[in-house]
There are 2 protein chains.
Amino acid sequence: MLKRVEVFTEGHFNDKAMGKLLVHDSPYFRVLNFNFKAGQELPIHSHDTDGQLSIVVLEGKGVFLGKDGQTLPAHTGDVLISDISEPHGVRAESDMRVLVTIAPPL
Amino acid sequence: MLKRVEVFTEGHFNDKAMGKLLVHDSPYFRVLNFNFKAGQELPIHSHDTDGQLSIVVLEGKGVFLGKDGQTLPAHTGDVLISDISEPHGVRAESDMRVLVTIAPPL
């Protein structure tokens with residue numbers, strides 16, 4: 001069975017905190033959509049477990065956050081790859097939609 | 001180590017066939033960018049192995065292809081989830097960039 005999710009329709013923004021949409025969850029990977037209003041962020045964090053994640057910018061711009069204050073540009077079409085155990089985060093400079101894929105899921 | 005890839009800069013189009021960029025490969029997942037000129041396609045195919053894949057439309061429009069001639073709209077921000085063993089493909093109706101994530105990698 002193919003499953004299709006329209007993130008730009010189903011993923012919502014929220015004035016209080018980033019909007020979250022669970023796109024998919026399976027033993028293989030978890031796919032989440034986060035929608036940020038300008039200025040909102042996914043605070044830097046990490047989990048002490050094996051695996052990696054990708055963060056794909058679908059729309060908008062901001063910065064990827066790393067340890068020790070590291071920032072990397074996050075523009076539409078940019079992909080960040082990180083170990084799950086490595087500190088990572090996102091801060092939005094415009095309204096911004098990202099897709100996060102975690103493999104294997106936590 | 002965080003790794004950042006600018007797909008819109010590093011991923012190229014090709015008049016003869018879709019352009020391919022390997023974004024990331026690890027024991028956890030493989031991430032590929034395919035860039036289609038209008039009319040190009042990733043022909044429907046499948047692999048007899050466990051795992052799932054996602055196809056995310058970063059830019060442009062086309063259709064996702066399934067078995068028995070099934071088509072599903074594929075617009076910017078749309079995500080397709082498929083078992084690796086399930087027939088799947090993509091056909092571009094405009095110039096189109098997609099990101100494919102395979103977990104675990106074949």
Side-chain heavy atoms under 4.5 angstrom apart, residues restricted to Ile, Leu, Val, Met, Phe, Trp, Tyr: same cluster for A:L22 and A:F36? yes

Give me the contact list for residues 54-63 of chain B versus chain A, heavy atoms only, anything under 4.5 Å, ordered by residue number. B:S54, B:V56, B:L58

I'd like to know if the side chain of B:R4 and the backbone of A:D78 have a donor-acceptor N/O pair within less than 3.5 Å. no

In this structure, would A:Y28 and A:L53 fall into the same cluster of hydrophobic residues linked by side-chain contacts under 4.5 Å? no

Report yes or no: do A:V90 and A:L32 belong to one cluster of Ile/Leu/Val/Met/Phe/Trp/Tyr joined by side chain heavy-atom distances under 4.5 Å? yes

Cut-off 4.5 Å, heavy atoms of chain A, and the answer for B:I84 is neither

State whether the number of non-hydrogen atoms from other residues, nucleotides or ligands found under 6.0 Å of B:R30 atom CZ is greater than 12. yes

Consider only side-chain heavy atoms of I, L, V, M, F, W and Y, link residues closer than 4.5 Å, and tell whether A:L2 and B:F34 are in one cluster. yes

Distance from A:M1 atom CE to B:I81 atom CD1, nearest 0.5 Å? 12.0 Å

According to a hydrophobic-cluster definition based on side-chain heavy atoms being under 4.5 Å apart (Ile, Leu, Val, Met, Phe, Trp, Tyr only), do A:F8 and B:V7 belong together? yes

Counting a contact as any heavy-atom pair under 4.5 Å apart, which residues of residues 41-50 of chain A contact chain B? A:D50

By a 4.5 Å heavy-atom criterion (distance strictly below it), what part of A:Q52 contacts chain B: side chain, backbone, both, or neither? both

Between A:Q70 and chain B, with a heavy-atom cut-off of 4.5 Å, which part of the residue counts as in contact: side chain, backbone, both or neither? side chain

Which atoms of A:V5 come close to chain B, meaning under 4.5 Å heavy atom to heavy atom: side chain ones, backbone ones, both, or neither? both

Between B:V79 and chain A, which part of the residue has a heavy atom less than 4.5 Å away: side chain, backbone, both or neither? both

Which residue out of A:E10, A:H24, A:E6 racks up the most heavy-atom pairs below 4.5 Å with chain B? A:H24

Taking side chain as everything from C-beta outward and backbone as N, CA, C, O, which of these in A:T76 sits under 4.5 Å from a heavy atom of chain B? Side chain, backbone, both or neither. both

Counting neighbours of NZ on B:K3 that are heavy atoms of other residues, nucleotides or ligands and sit closer than 6.0 Å, is the number greater than 12? yes

Considering only heavy atoms, give the residues of residues 11-20 of chain B separated from chain A by less than 4.5 Å, sorted numerically, with 'none' for an empty result. none

Inter-chain contacts: residues 94-106 of chain B against chain A, heavy atoms under 4.5 Å: B:L99, B:T101, B:A103, B:P104

Among A:G51, A:S82, A:G66, A:A74, which residue forms the greatest number of heavy-atom pairs with chain B at distances under 4.5 Å? A:G51

A:P87 versus chain B, heavy atoms under 4.5 Å apart: side chain, backbone, both or neither? backbone

